[in-house]
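Below is one structure, written out as structure tokens; the observations come after it.
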There are 2 protein chains.
Amino acid sequence: MDRPRTDKRTIIRRRQKEQKEELRAHILRTAGQLFVELGYSNFSMRKLAERIGYSPATLYVYFRDKDDLLFLVVDDAFMRFTERLEAAASGGTDMWERLGRLGEAYVTFGLEHPAYYQLMFMWRIDYLMEPQGIQKIPRVQAFDVLLRTVRDAMEQGVLRAESPETASDLLWAAMHGIVSLSIQMPMFNQQRTEKLMRHAMEMLYKALHS
Amino acid sequence: MDRPRTDKRTIIRRRQKEQKEELRAHILRTAGQLFVELGYSNFSMRKLAERIGYSPATLYVYFRDKDDLLFLVVDDAFMRFTERLEAAASGGTDMWERLGRLGEAYVTFGLEHPAYYQLMFMWRIDYLMEPQGIQKIPRVQAFDVLLRTVRDAMEQGVLRAESPETASDLLWAAMHGIVSLSIQMPMFNQQRTEKLMRHAMEMLYKALHS
DNA sequence: TCCTTTAAGTGAACACAGTTCAATTAAAGT
DNA sequence: ACTTTAATTGAACTGTGTTCACTTAAAGGA
């Protein structure tokens with residue numbers, strides 16, 4: 001039997017694999033930071049390589065290309081986004097209040113992470129559709145949270161609309177409009193944004209609450 | 001006296017100037033087309049140079065840099081945008097109806113010219129603020145149309161809101177949200193977009209009409 | 001211990017980008 | 001015919017994403 005040998009070998013193999021994944025994760029983390037620091041248009045593979053202390057070519061051992069890398073960075077952002085939405089939409093019994101907290105969480109995330117929000121929803125929308133088949137990815141789960149909450153609110157009778165899909169599209173468009181303007185337009189300072197958000201909430205209440 | 005000489009000279013000078021401005025205008029037109037064809041990320045000065053049959057360096061005789069050129073292209077788009085809004089918001093006496101047509105014109109422009117809309121409101125927002133002082137530029141006039149229409153509607157008593165500024169922010173965010181989602185998200189096909197627009201109009205009516 | 005195999009990492013190159021500037025060319029002025 | 005002026009550009013510089021043959025070092029096997 002070659003038990004000890006095989007053990008040793010597999011242990012080493014595992015350690016190698018772990019080290020590789022560690023470096024991969026390190027690259028991803030650093031990419032996220034650098035991206036936030038520099039913005040989309042100034043982020044480059046070569047700068048990232050310099051930051052982590054490897055040659056540019058090394059990045060291509062760990063990631064297919066720049067798109068692949070940024071896609072994974074965005075994936076992470078979507079996970080955190082979805083978590084926040086889920087946390088906001090759960091707890092409490094009044095579905096209308098939950099819906100309000102969901103909207104606030106959406107806007108807050110966008111304002112706190114403008115670079116990510118832009119990458120997620122404004123600049124690289126193609127990322128949303130990359131793996132063409134499945135719906136299990138974080139990207140789509142975020143919409144599910146919204147849709148589920150709206151559906152619950154309609155079932156509980158506090159929200160009236162033609163359909164859950166229609167209502168969630170409406171809410172999404174409203175929140176997206178607010179975040180987009182706020183993080184892009186320089187004239188939208190904090191108080192103007194807050195005022196807009198407050199009035200949007202009132203409007204949605206008047207139009208959709210029952 | 002050197003009258004004839006001077007006349008001849010000025011005529012030639014003018015012709016030269018005209019030719020130069022003609023070429024400049026030609027470059028701008030071609031840049032607009034090429035930009036729509038290729039999209040923001042694939043548009044390049046070198047491709048534009050090849051298209052017009054000059055060397056890349058020539059472009060820098062007529063324009064400071066790529067930003068300067070694209071800024072002027074966007075300027076043109078903003079002019080057409082403002083014209084459309086103004087045409088929609090005038091004519092007819094019912095201010096609420098005018099406001100509705102204004103919103104529809106906004107969305108229609110975005111859907112018809114997605115490449116321009118993205119450049120105007122999503123990718124290069126810095127263009128909105130370039131010449132830091134004045135408000136005479138087309139960019140800002142578009143907002144004026146909205147603000148004026150809202151103000152008129154409030155004065156006529158068909159729109160109730162805390163202030164014209166608040167109401168126009170709200171309308172802008174709603175329209176921008178609809179356009180953004182529609183031109184970026186692949187799942188928003190024509191009928192989903194139309195449905196969203198219809199419901200948004202209903203919502204605005206319920207919340208703001210009086 | 002020596003040799004072989006495997007895999008991580010990279011130097012150098014390619015094509016493309018925006019931009020600059022000295023040199024070229026052609027037209028206008030004298 | 002000579003000089004001045006203005007338009008145009010070739011060639012270069014820096015920076016980008018990406019590839020691939022090559023180096024280097026560790027692991028496996030004798």
Side-chain angles (χ1 to χ4, degrees), chain A residues 1-27 30-31 34-35 38-73 123-124 126, chain B residues 1-27 30-31 34-35 38-73 123-124 126:
Chain A
M1 297 295 160
D2 49 354
R3 272 286 165 78
R5 286 256 181 99
T6 322
D7 276 1
K8 202 175 179 182
R9 193 195 310 201
T10 49
I11 286 173
I12 287 171
R13 281 278 149 80
R14 184 161 56 215
R15 185 146 300 170
Q16 282 179 336
K17 207 161 198 172
E18 281 171 0
Q19 278 176 350
K20 217 182 162 183
E21 292 200 352
E22 207 173 295
L23 176 53
R24 195 183 141 91
H26 175 57
I27 295 175
T30 313
L34 200 63
F35 172 78
L38 303 176
Y40 181 69
S41 56
N42 289 116
F43 172 88
S44 82
M45 295 298 265
R46 298 180 114 103
K47 284 174 191 162
L48 174 58
E50 199 185 11
R51 171 75 61 105
I52 61 169
Y54 285 80
S55 94
T58 304
L59 297 175
Y60 292 84
V61 175
Y62 292 86
F63 303 96
R64 189 165 20 84
D65 53 22
K66 191 186 182 183
D67 263 24
D68 181 36
L69 199 159
L70 277 184
F71 178 84
L72 292 166
V73 170
W123 292 333
R124 292 305 301 271
D126 51 316
Chain B
M1 296 298 159
D2 48 355
R3 272 288 166 77
R5 285 255 182 100
T6 321
D7 276 1
K8 202 174 180 183
R9 192 195 311 201
T10 50
I11 287 173
I12 287 170
R13 282 278 148 80
R14 183 161 57 215
R15 184 148 301 169
Q16 282 179 336
K17 207 162 200 174
E18 279 172 0
Q19 278 176 352
K20 217 182 162 185
E21 291 199 353
E22 207 174 296
L23 177 52
R24 193 183 141 92
H26 176 57
I27 294 175
T30 313
L34 200 62
F35 173 78
L38 303 176
Y40 181 69
S41 57
N42 289 116
F43 172 88
S44 81
M45 295 297 267
R46 298 180 113 104
K47 283 175 192 160
L48 174 58
E50 199 184 12
R51 172 73 62 105
I52 62 169
Y54 285 80
S55 93
T58 304
L59 297 175
Y60 292 84
V61 175
Y62 293 86
F63 304 95
R64 190 163 22 81
D65 53 22
K66 193 186 181 183
D67 264 22
D68 181 37
L69 199 160
L70 278 185
F71 179 84
L72 292 166
V73 169
W123 292 334
R124 295 304 302 271
D126 51 313

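Letters A, B, ... mirror the listed sequences (proteins, then strands); counts begin at 1. The figures that follow rest on heavy atoms only: side chains count, while hydrogens, waters and symmetry mates do not.
- Side-chain nitrogen and oxygen atoms of B/Lys47 include at least one within less than 4.0 Å of the OP1 or OP2 phosphate oxygen of C/dA17.
- Spacing between atom CG of A/Asp68 and atom P of D/dT18 amounts to 10 Å, rounded to whole angstrom units.
- Close to C/dT19, at under 4.0 Å from its OP1 or OP2, lies no side-chain N or O of B/Lys66.
- When the side-chain nitrogen and oxygen atoms of B/Tyr60 are compared with OP1 and OP2 of D/dT8, none of them lie within a distance under 4.0 Å.
- Toward the 5' end of DNA chain D, the nearer of the two residues B/Lys20 and B/Pro56, judged by each one's closest nucleotide, is B/Lys20.
- Taking the side chain as every heavy atom from C-beta outward, A/Leu72 and A/Arg24 approach each other to under 4.5 Å.
- The phosphate of D/dT9 (OP1 or OP2) has a side-chain N or O of B/Thr58 nearer than 4.0 angstrom.
- Checking C/dG9, C/dA17, D/dT8 against the side-chain heavy atoms of B/Arg46 singles out C/dA17 as nearest.
- As a whole-Å value, the separation of B/Asp67 CG from C/dT19 P is 7 Å.
- A tilted orientation is assigned to the rings of A/Trp123 and A/Tyr40, their planes being inclined by 30° to 60°.
- Rounded to whole Å, the distance from CG on B/Asn42 to P on C/dA15 is 19 Å.
- Phosphate contact (OP1/OP2 of D/dT16, side-chain N/O of A/Ser44, threshold under 4.0 Å): present.
- For the pair B/Ile27 CD1 and D/dT9 C1', the interatomic distance rounds to 14 Å; values are reported in whole Å.
- Taking CZ of B/Phe43 as the start and CG of B/Leu34 as the end, the distance is 5.5 Å to the nearest 0.5 Å.
- Of all nucleotides listed (C/dT19, D/dT18, C/dT10), C/dT19 comes nearest to the side chain of B/Asp65.
- For the pair A/Leu23 CG and C/dT10 P, the interatomic distance rounds to 10 Å; values are reported in whole Å.
- Using a 4.5 Å heavy-atom cutoff, the side chains of B/Leu69 and B/Leu48 are in contact.
- Among the protein residues, A/Tyr62 comes within range of the sugar-phosphate backbone only, with heavy atoms under 4.0 Å from sugar or phosphate atoms but none that close to a base.
- As rounded to whole Å, 12 Å separates atom P of D/dT18 from atom CG of A/Leu48.
- Separating the CG atom of B/Leu69 from the C1' atom of C/dA17 is a distance of 15 Å, rounded to the nearest angstrom.
- As a whole-Å value, the separation of B/Met45 CE from D/dT16 C1' is 17 Å.
- Using a 4.5 Å cut-off on side-chain heavy atoms (C-beta onward), A/Arg46 and A/Leu59 make no contact.
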